[in-house]
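A quick write-up on the structure given underneath.
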Amino acid sequence: MISAGSFRRLLTLLFLFCFAFGVTTVCDAKQVKVGFVHSGETINDSSFNEMAVAGLRRLQKEQQVQILPRRGGFTTERTLEAVSSLLSEEVRIMVINGAPIGNRFGEVALDHPEVIFILTDSRIEGYPNIISIDYAQGMGSCLVGALCAWQTKTGRVGFIGGNELPVIKEFLKGFREGVKYSGRDVEVDVQYVRKGNAEKGFEDPQQANILASRMYGAGVDIIFAVAGLSGNGVIQAARNSGNLAVGVDSDQDHMAKGSVLTSMMKRLDIAVYKEVLAVLNGTHVPGRRVYDLSNEGVCLTEMKYSKHLIAPDVLEKLHELKAKLVSGKVKLNPSAE
């Protein structure tokens with residue numbers, strides 16, 4: 001008698017065979033339902049979720065797919081509830097934004113070989129129907145750190161994270177390495193909206209505003225906010241105090257023109273669009289996809305409202321650092337704190 005695990009694997013192989021030879025197709029986009037599980041409680045966060053939504057809206061417009069959104073909350077249980085809800089709607093492609101499930105999601109994927117799962121901020125490999133999108137936020141944050149160190153007038157810059165999740169620590173490590181690369185003696189002040197893994201830290205702009213105001217009052221003049229919706233509170237504090245902030249995930253420069261030095265963008269819009277489109281066209285390949293400086297998966301903004309604040313030689317040094325990061329001449333230290 002065949003085991004349950006073997007049966008699931010057999011179903012997966014059968015699906016992939018059919019998909020490859022056109023027996024099963026996702027290419028008729030007008031019939032395709034694309035599920036979207038957003039992180040947290042707020043989809044309109046001017047940051048992480050909205051970037052993914054931009055990619056989905058483009059697909060909706062160009063490919064006429066049907067987008068079914070679900071709130072994923074901050075826990076594995078909530079995310080799995082949202083996934084289950086979408087599976088009952090017979091979605092064929094599911095995008096899960098910032099999935100807190102981690103490697104446990106492989107079990108779900110094996111149980112549903114007819115669905116292609118696209119996980120952002122993930123490094124899951126080895127499953128035939130999972131595409132994991134991994135952003136090199138450390139590289140982008142290195143650029144931010146160097147720019148802030150070159151621009152600070154007080155010799156003190158700040159970092160405010162939503163919480164202490166590993167992904168936030170990656171931003172911080174890159175930021176510190178950029179400050180170090182600058183060659184200037186600059187102090188880095190670090191605060192978190194919530195300690196530990198408390199995800200509510202990404203949706204508390206009031207607390208972030210309090211932390212930022214204290215930092216500015218203590219002599220910090222530029223703060224890198226890596227805190228989702230909470231980052232809006234940091235930007236407000238920068239504007240009110242006459243200092244500078246750096247946004248994250250989306251282009252937040254317009255939120256306080258002249259007070260946001262730049263934003264470290266994670267191009268979820270591009271990544272989600274490309275990966276879903278590949279599935280629709282039958283050209284996708286399962287596994288890990290890295291989006292970094294070389295393919296504009298992460299990047300700084302054009303600094304439309306702040307470039308006049310930056311000296312030409314600093315812009316040139318920033319361009320040189322980007323080239324060195326892409327070529328590998330500058331490598332990030334994975335053990336840096």
Side-chain angles (χ1 to χ4, degrees), residues 38-58 97-98 135 137 140-141 143-145 147-148 151-153 157-163 167-168 171-172 175 178 189 191-194 199-217 220-270 272 296 298-310 315 318:
H38 69 79
S39 64
E41 304 297 329
T42 305
I43 193 170
N44 299 316
D45 59 358
S46 302
S47 187
F48 189 68
N49 286 323
E50 281 198 16
M51 285 295 280
V53 169
L56 292 170
R57 284 176 177 162
R58 182 180 172 189
N97 216 28
Y135 298 95
Q137 49 262 339
S141 297
L143 293 179
V144 173
L147 176 61
C148 290
Q151 288 297 113
T152 179
K153 296 177 181 178
V157 298
F159 178 96
I160 294 181
N163 62 16
V167 66
I168 303 302
F171 277 97
L172 177 58
F175 183 68
D189 189 356
Q191 297 289 333
Y192 298 96
V193 182
R194 291 287 192 282
E199 299 277 4
K200 279 291 185 181
F202 295 108
E203 295 188 348
D204 191 350
Q206 183 176 0
Q207 176 62 17
N209 181 271
I210 292 171
L211 292 175
S213 296
R214 288 175 182 167
M215 275 191 183
Y216 290 134
V220 168
D221 60 349
I222 312 174
I223 297 175
F224 184 21
V226 185
L229 182 63
S230 295
N232 296 359
V234 177
I235 292 172
Q236 182 183 29
R239 178 174 53 201
N240 292 345
S241 65
N243 289 291
L244 294 170
V246 174
V248 77
D249 292 338
S250 65
D251 184 347
Q252 298 182 321
D253 295 11
H254 66 282
M255 295 176 65
K257 297 176 182 179
S259 295
V260 180
L261 183 60
T262 186
S263 299
M264 206 298 282
M265 300 175 66
K266 290 172 70 169
R267 298 307 301 264
L268 286 93
D269 55 336
I270 292 175
V272 168
E296 298 299 318
V298 296
C299 63
L300 301 189
T301 59
E302 296 179 358
M303 306 178 210
K304 182 178 178 180
Y305 308 107
S306 61
K307 190 170 284 188
H308 65 284
L309 301 174
I310 307 170
L315 292 173
L318 197 63

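Along the sequence shown, the residues carry numbers beginning at 1.
Taking all atoms of both residues into account, the shortest heavy-atom contact from Ala227 to Gly161 is CB-C, 4.1 Å. Counting all heavy atoms, side chain and backbone alike, Leu268 lies closest to Phe48 at CD2-CE1, 3.6 Å.
Remark: of the listed residues Asp189, Val226, Ile168, Val193, Val193 is the sole one forming a side-chain contact (heavy atoms from CB on, under 4.5 Å) with Ile160.
Every side chain to side chain contact (heavy atoms under 4.5 Å, CB included) that Gln236 has, sequence neighbours left out, goes to Asn209, Arg239, Asn240.
For CD of Glu302, the number of neighbouring non-hydrogen atoms (other residues, nucleotides, ligands) closer than 6.0 Å is 12 at most.
Formation of a donor-acceptor pair under 3.5 Å by the Gln151 side chain with backbone atoms of Leu309 is found in this model. No side-chain donor-acceptor contact under 3.5 Å links Ser230 to the backbone of Gly162. For Glu203 (side chain) and Thr42 (main-chain N/O), a donor-acceptor pair under 3.5 Å exists by modelled atom type. The main-chain N or O of Lys200 is never found under 3.5 Å from a side-chain atom of Asn163 such that the two would form a donor-acceptor pair.
Atom CE of residue Met215 and atom CG of residue Asn243 lie 12.0 Å apart, to the nearest 0.5 angstrom.
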Report, one line per pair, each donor and acceptor closer than 3.5 Å where one atom sits in a side chain of residues 254-262; sequence neighbours left out.
{"residue": "His254", "atom": "ND1", "partner": "Asp251", "partner atom": "O", "Å": "3.2"}
{"residue": "Thr262", "atom": "OG1", "partner": "Thr301", "partner atom": "N", "Å": "3.3"}
{"residue": "Thr262", "atom": "OG1", "partner": "Thr301", "partner atom": "OG1", "Å": "2.9"}

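Using bins of under 30°, 30° to 60° and over 60° for the plane-to-plane angle, the ring pair Phe224/Phe159 lands in the perpendicular bin.
In this structure, the side chains of Ser47 and Leu229 stay at 4.5 Å or more apart for every pair of heavy atoms. Annotation: side chain of Phe175 is in contact with side chain of Val157 (closest heavy-atom distance under 4.5 Å).
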